[in-house]
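What follows is one structure encoded as structure tokens, with my remarks underneath.
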Protein chains: 2
Amino acid sequence: MARAAGDPERSYGGVPLTRRRAERRDRLLAAGVELFTSVGYQQTKITELCAAAGMSNRGFYQEFDTKEQLLLALHSRTNQLAYDHVSQALTALDVVDVQARVGLLVDVFMAAVMSDPRLPRLNYVEAVGVSPALERQHEEWVGRWSALIEQEADQAAASGTAPRRDFHLTAIALVGAITGLLREWQAHAAHYPPAEIAAEAKAVILAAITR
Amino acid sequence: MARAAGDPERSYGGVPLTRRRAERRDRLLAAGVELFTSVGYQQTKITELCAAAGMSNRGFYQEFDTKEQLLLALHSRTNQLAYDHVSQALTALDVVDVQARVGLLVDVFMAAVMSDPRLPRLNYVEAVGVSPALERQHEEWVGRWSALIEQEADQAAASGTAPRRDFHLTAIALVGAITGLLREWQAHAAHYPPAEIAAEAKAVILAAITR
DNA sequence: TATATTCGGTAATCCAAATTACCATCCGAA
DNA sequence: TTCGGATGGTAATTTGGATTACCGAATATA
């Protein structure tokens, strides 16, 4: 039996539609990271994007409706990846010691986000203030990250390492602190060894929680 | 003797050129704050700006070359104003107690920046990632603000209230923490009383310095 | 192998918005 | 009160770039 038109599995050039689309998408994502962080998001033209991704102008609209959607995808992807790693690591670590837990949280997070200096640039500079949708997505992630920190703080409080109190705003401030460090780092990556950035983040978080 | 053409004092409509220009400029700045924070920087058209400022399209180019310059002016103006207040207040306060000094620093800063929720929105959301020039200006201000915090930390260390160490990165992280709090606040101003934000900022700064 | 169909590239099309040219108006000086 | 020059508004111009229409090439099926 023949595969009907539009069938996702219908292969073409030996490659099924599904995969071709996925590959195109990946190439566009890669081009997005590259151009958004060098040329700048706003300054990047769809055409340039396609050229960098090795496809024609048309290919873009096959995968995304707008440039903003590509940026949303990138922003979300980086956060999600880091978040998965971090929460997985924290779950695996069945230790209650705050210092150890926060240390791991920061190390894993930083490893994910600083693996490529373009990532913090993309998420903390280029993706800011672009559109209401992006601000919403930013807010969501701030919520998730701060909830994670808040959780650790609460746990520390429960085990007596930290005072019992509401850590909500503290967690938000700490997310801001990390963001600030990374924004500085991406601007002057040469000046700061990643380890120093991570160390500072840990220290500030611990100080604020166990204050 | 008659005033030559182009003389800045040459009055027109009873108002000297200098003042007319200053007033136009002010109206454009006000329109910029309003539109950049409601419509969004990128989405704001020069024409809208002029309409809001009660002048014709042409008036804009009389005072600024580009929309970006208007944004640069606004960004700088808010920082400068806050900075003047803060450094003046700190100089006037001849007390060495860190808690008191940081408390004042934060109070004065927050009073200046939170007087209008649009200001943090403008400086911490709309003005981010707009252009290399704006990033440069941002970096400069981060440098000034963190230097101020670093100075207080050093002073605290000198008086034995804080450990002696390099506070450079800590200060940068703390600037980020304040920025993060304000960015959250401007997005959900209704949820957080300004005093809570200020209190949290103070607490985090003190904890990080005296850790 | 022939044919219907899908894919992807090229090249218009179309639009929005910055920039500028031009004109009517207004002012100050003689 | 008349003239030269400045001022600011209106409206055309132009450009940059997103979006789309169309076409040839390539593929799978009968």
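Since the structure is predicted, the reported quantities are computational estimates derived from the model, not experimental observations. Computation of the quantities below employed the complete heavy-atom set of this structure, encompassing side-chain atoms and omitting hydrogens, waters and symmetry-equivalent molecules. Lettering of chains follows the sequences in order, A, B, ..., and the numbering in each one begins at 1.
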Below 4.0 Å: OP1/OP2 of D/dA18 and any side-chain N or O of A/Tyr61: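 For A/Tyr61, the contact criterion (side-chain N or O under 4.0 Å from OP1 or OP2 of D/dA18) is not met.
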
Rounded to the Å, how far apart are [X] [atom1] and [N] [atom2]?
{"X": "A/Ile46", "N": "C/dT13", "atom1": "CD1", "atom2": "P", "value": "21 Å"}
{"X": "A/Arg24", "N": "C/dG8", "atom1": "CZ", "atom2": "C1'", "value": "8 Å"}
{"X": "A/Asp65", "N": "D/dT20", "atom1": "CG", "atom2": "P", "value": "10 Å"}
{"X": "A/Gln69", "N": "D/dT19", "atom1": "CD", "atom2": "C1'", "value": "15 Å"}
{"X": "B/Gln43", "N": "C/dC15", "atom1": "CD", "atom2": "P", "value": "21 Å"}
{"X": "A/Gln62", "N": "C/dT6", "atom1": "CD", "atom2": "C1'", "value": "10 Å"}
{"X": "A/Glu48", "N": "D/dA18", "atom1": "CD", "atom2": "C1'", "value": "13 Å"}
{"X": "A/Arg20", "N": "D/dA26", "atom1": "CZ", "atom2": "P", "value": "14 Å"}

Residues two or more places apart in sequence or in another chain: which of them pass salt bridge (charged side-chain N to carboxylate O under 4.0 Å, His left out) with A/Asp84?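 A/Asp84 satisfies salt bridge (charged side-chain N to carboxylate O under 4.0 Å, His left out) with no other residue.
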
Apply salt bridge (charged side-chain N to carboxylate O under 4.0 Å, His left out) to A/Arg165 and list each qualifying residue two or more places apart in sequence or on a separate chain. none

Applying ring pair (Phe, Tyr, Trp, His ring centres under 6.0 Å), which residue pairs with at least one partner in residues 108-138 of chain B are found, sequence neighbours left out?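 Qualifying pairs: B/Phe109-B/Trp145.
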
For nucleotides 9-15 of chain D, tabulate all protein N/O to nucleotide N/O atom pairs closer than 3.5 Å, reporting atom names and distance.
| unit_1 | atom_1 | unit_2 | atom_2 | d |
| --- | --- | --- | --- | --- |
| D/dG9 | OP2 | B/Ser56 | N | 2.8 |
| D/dG9 | OP2 | B/Ser56 | OG | 2.8 |
| D/dG9 | O6 | B/Arg58 | NE | 2.8 |

What nucleic acid atoms does A/Arg21 come within less than 4.0 Å of, heavy atoms only: base, sugar-phosphate, or nothing?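 A/Arg21: no heavy atom of the nucleic acid under 4.0 Å.
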
Assess whether side chain to side chain contact (heavy atoms under 4.5 Å, CB included) is satisfied between B/Glu152 and B/Phe167, documenting all intermediate values. CA-CA 10 Å; B/Glu152 293 304 325; B/Phe167 287 98; over 6 Å; no

Side chain to side chain donor-acceptor pair (under 3.5 Å): pairs with one or both residues in residues 65-74 of chain A, sequence neighbours excluded: A/Glu68-A/Ser131

Identify, with sequence neighbours excluded, every residue that meets side-chain contact (heavy atoms from CB on, under 4.5 Å) alongside A/His85. A/Leu81, A/Val108, A/Ala112

